J.: 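A single structure is presented below for examination.
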Amino acid sequence: MKRILVTFLLLVCSATAQNLPSKSLNDQPWDLGLFAGFGTDTDGRYPTQFNFLMVGGRIGKVLTSEMGKGWARGNFEWAADIIPVYPAFHGDSVFDAHDGVTYGFGANPVVLKWNFTRGKKFAPFAEISGGFLVTSRDFPVSGSSSFNFVTGGGAGFHYFLKPKRAITFTGKVFHLSNASIGDRNPGINSGLQFTVGYNWFK
């Protein structure tokens, strides 16, 4: 009897752990999240390395029910990121007398995301984003602009701890440019960003 009870409990727990992405994302929920991460440039054109710290939040909405079959089954989501903590760390040689830290605020008002929902607990996703970074002085070099556009694309996954609750990991390639609204537009041609966060789907 004891073995039967243990087996039954294991089956119940196993059943409740199945298809969490589908159960959590299929009813077109809101996506609320907090995240932190870092970025670094891979440009190689400057005498210093640019490194970024990012702390922010996300609000999104799953816009469709599940579509597709097999590994591609999933749904489409629009989201926006607000990043109030977005400093850049760099060597003094770029800014002459500056102290090597440029403070910034950023946002990605457009994040287009496809959630793959076939998994049991893991929900991989792919996304592209468009946004901006406003800094306390011209960035990445003096005489450019304190306003830059930031575009990116990448992938990651949600790991569902329980229905509607997930830890999220994301990796992106990004490009930074002021689109020639400044006197100079050196930009950062390429860089990498990595974030970890926690998401609620409501």
Side-chain angles (χ1 to χ4, degrees), residues 9-40 51-88 103-134 149-174 191-202:
L9 290 175
L10 288 174
L11 288 173
V12 169
C13 291
S14 176
T16 59
Q18 303 305 305
N19 303 315
L20 288 181
S22 180
K23 293 177 180 178
S24 300
L25 299 173
N26 195 38
D27 57 349
Q28 301 180 31
W30 287 94
D31 177 3
L32 306 175
L34 297 172
F35 62 85
F38 69 93
T40 186
N51 297 299
F52 302 85
L53 174 67
M54 296 167 290
V55 179
R58 168 170 289 192
I59 180 170
K61 183 73 167 70
V62 176
L63 299 177
T64 69
S65 298
E66 285 185 324
M67 299 184 293
K69 296 180 179 180
W71 67 268
R73 187 181 72 195
N75 48 39
F76 178 71
E77 177 182 346
W78 164 86
D81 299 327
I82 299 174
I83 313 171
V85 179
Y86 206 153
Y103 297 96
F105 167 90
N108 296 316
V110 178
V111 180
L112 305 178
K113 180 169 170 248
W114 182 263
N115 298 301
F116 297 90
T117 58
R118 188 183 182 186
K120 303 302 182 182
K121 284 191 173 185
F122 285 92
F125 59 82
E127 68 178 40
I128 57 174
S129 61
F132 61 85
L133 171 64
V134 180
F149 298 97
V150 183
T151 56
F157 63 86
H158 299 297
Y159 177 74
F160 283 86
L161 302 173
K162 57 183 179 179
K164 306 287 188 178
R165 304 290 186 270
I167 297 173
T168 303
F169 298 88
T170 309
K172 279 186 181 181
V173 176
F174 75 89
L192 297 174
Q193 293 178 346
F194 300 95
T195 60
V196 59
Y198 190 85
N199 290 71
W200 298 261
F201 296 92
K202 296 181 175 292

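What you are looking at is a predicted structure, and each value in this text was computed from that prediction instead of being measured.
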J.: Roughly how far, to the nearest 0.5 Å, is the CZ atom of F169 from the CZ atom of F122?
T.: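 One finds 8.5 Å between CZ of F122 and CZ of F169.
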J.: Between T117 and S22, is there a donor-acceptor pair closer than 3.5 Å when you use the side chain of the first and the backbone of the second?
T.: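 A pair under 3.5 Å: no.
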J.: For Q193 versus Y86, what's the shortest heavy-atom pair and its separation?
T.: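 Minimum heavy-atom contact is NE2-OH, 3.3 Å.
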J.: Residues two or more places apart in sequence or in another chain: which of them pass salt bridge (charged side-chain N to carboxylate O under 4.0 Å, His left out) with K61?
T.: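 Expected list: none.
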J.: Taking only residues two or more places apart in sequence or in another chain, which ones pass side chain to side chain contact (heavy atoms under 4.5 Å, CB included) with V173?
T.: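 L192.
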J.: Using modelled atom types only, decide if a donor and an acceptor are shared between the side chain of N75 and the backbone of L25 within a distance under 3.5 Å.
T.: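 Side chain of N75 to backbone of L25: a pair is present.
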J.: Measure the spacing between CZ of R165 and CG of L20 and express it to the nearest 0.5 Å.
T.: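 One finds 12.5 Å between CZ of R165 and CG of L20.
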J.: I need the L133 CG to F105 CZ distance, nearest 0.5 Å.
T.: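 Answer rounded to 0.5 Å: 10.0 Å.
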J.: Output a table of donor-acceptor pairs, distance under 3.5 Å, between side-chain atoms of residues 152-163 and any protein atom two or more places apart or on a different chain; print 'none' if there are none.
T.:
{"unit_1": "H158", "atom_1": "ND1", "unit_2": "T168", "atom_2": "OG1", "d": "2.7"}
{"unit_1": "H158", "atom_1": "NE2", "unit_2": "K113", "atom_2": "NZ", "d": "2.9"}

J.: Just by modelled atom types, is the N108 backbone N or O under 3.5 Å from a matching donor or acceptor in the S129 side chain?
T.: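 Judged by distance alone, no pair lies under 3.5 Å.
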J.: Test of understanding: with salt bridge (charged side-chain N to carboxylate O under 4.0 Å, His left out), list the residues that count as partners of R118, not counting sequence neighbours.
T.: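 Counting only residues at least two positions away or on another chain, R118 forms no salt bridge (charged side-chain N to carboxylate O under 4.0 Å, His left out).
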J.: Going through the distances and angles, do K202 and D27 end up as a salt bridge (Lys or Arg N to Asp or Glu O under 4.0 Å)?
T.: CA-CA 9 Å; K202 296 181 175 292; D27 57 349; over 6 Å; no
J.: Where is the tightest heavy-atom contact between A166 and F201, given as atom of each residue plus distance?
T.: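 It is CB-CE1, 4.4 Å.
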J.: Can you give the donor-acceptor pairs under 3.5 Å from side chains of residues 28-40 to other protein atoms, not counting sequence neighbours?
T.:
{"unit_1": "Q28", "atom_1": "NE2", "unit_2": "S65", "atom_2": "OG", "d": "3.4"}
{"unit_1": "D31", "atom_1": "OD1", "unit_2": "N199", "atom_2": "ND2", "d": "2.8"}
{"unit_1": "T40", "atom_1": "OG1", "unit_2": "Q49", "atom_2": "NE2", "d": "2.8"}
{"unit_1": "T40", "atom_1": "OG1", "unit_2": "N51", "atom_2": "OD1", "d": "2.8"}

J.: Between atom CH2 of W114 and atom CZ of R73, what is the distance when rounded to the nearest 0.5 Å?
T.: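 One gets 11.0 Å once the value is rounded to the nearest 0.5 Å.
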J.: Quick one: closest heavy-atom pair of W78 and V110, and the distance?
T.: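 Taking every non-hydrogen atom into account, NE1-CA, 4.3 Å.
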J.: Please report the shortest heavy-atom distance between P109 and G130, naming the atom on each side.
T.: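 P109 and G130 have their closest heavy atoms at CD-O, 3.3 Å.
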J.: Thinking salt bridges, do R58 and E127 make one under a 4.0 Å N-O criterion?
T.: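 Looking at R58 and E127, the cut-off is met.
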J.: Taking ring-ring contact (aromatic ring centres under 6.0 Å, His included) as the definition, give me every residue that meets it alongside W200, ordered by chain and number, with sequence neighbours left out.
T.: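 Partners of W200 by the ring-ring contact (aromatic ring centres under 6.0 Å, His included) criterion, ordered by chain and then number, come out as Y198.
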J.: Rounded to the nearest 0.5 Å, what's the gap from CG on N26 to CD on E66? Could you check?
T.: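 If we round to the nearest 0.5 Å, N26:CG and E66:CD are 4.0 Å apart.
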J.: Going by distance alone, is a donor N or O of one side chain under 3.5 Å from an acceptor N or O of the other, for N115 and E77?
T.: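 Checked: N115/E77 side chains pair up, N/O donor to acceptor below 3.5 Å.
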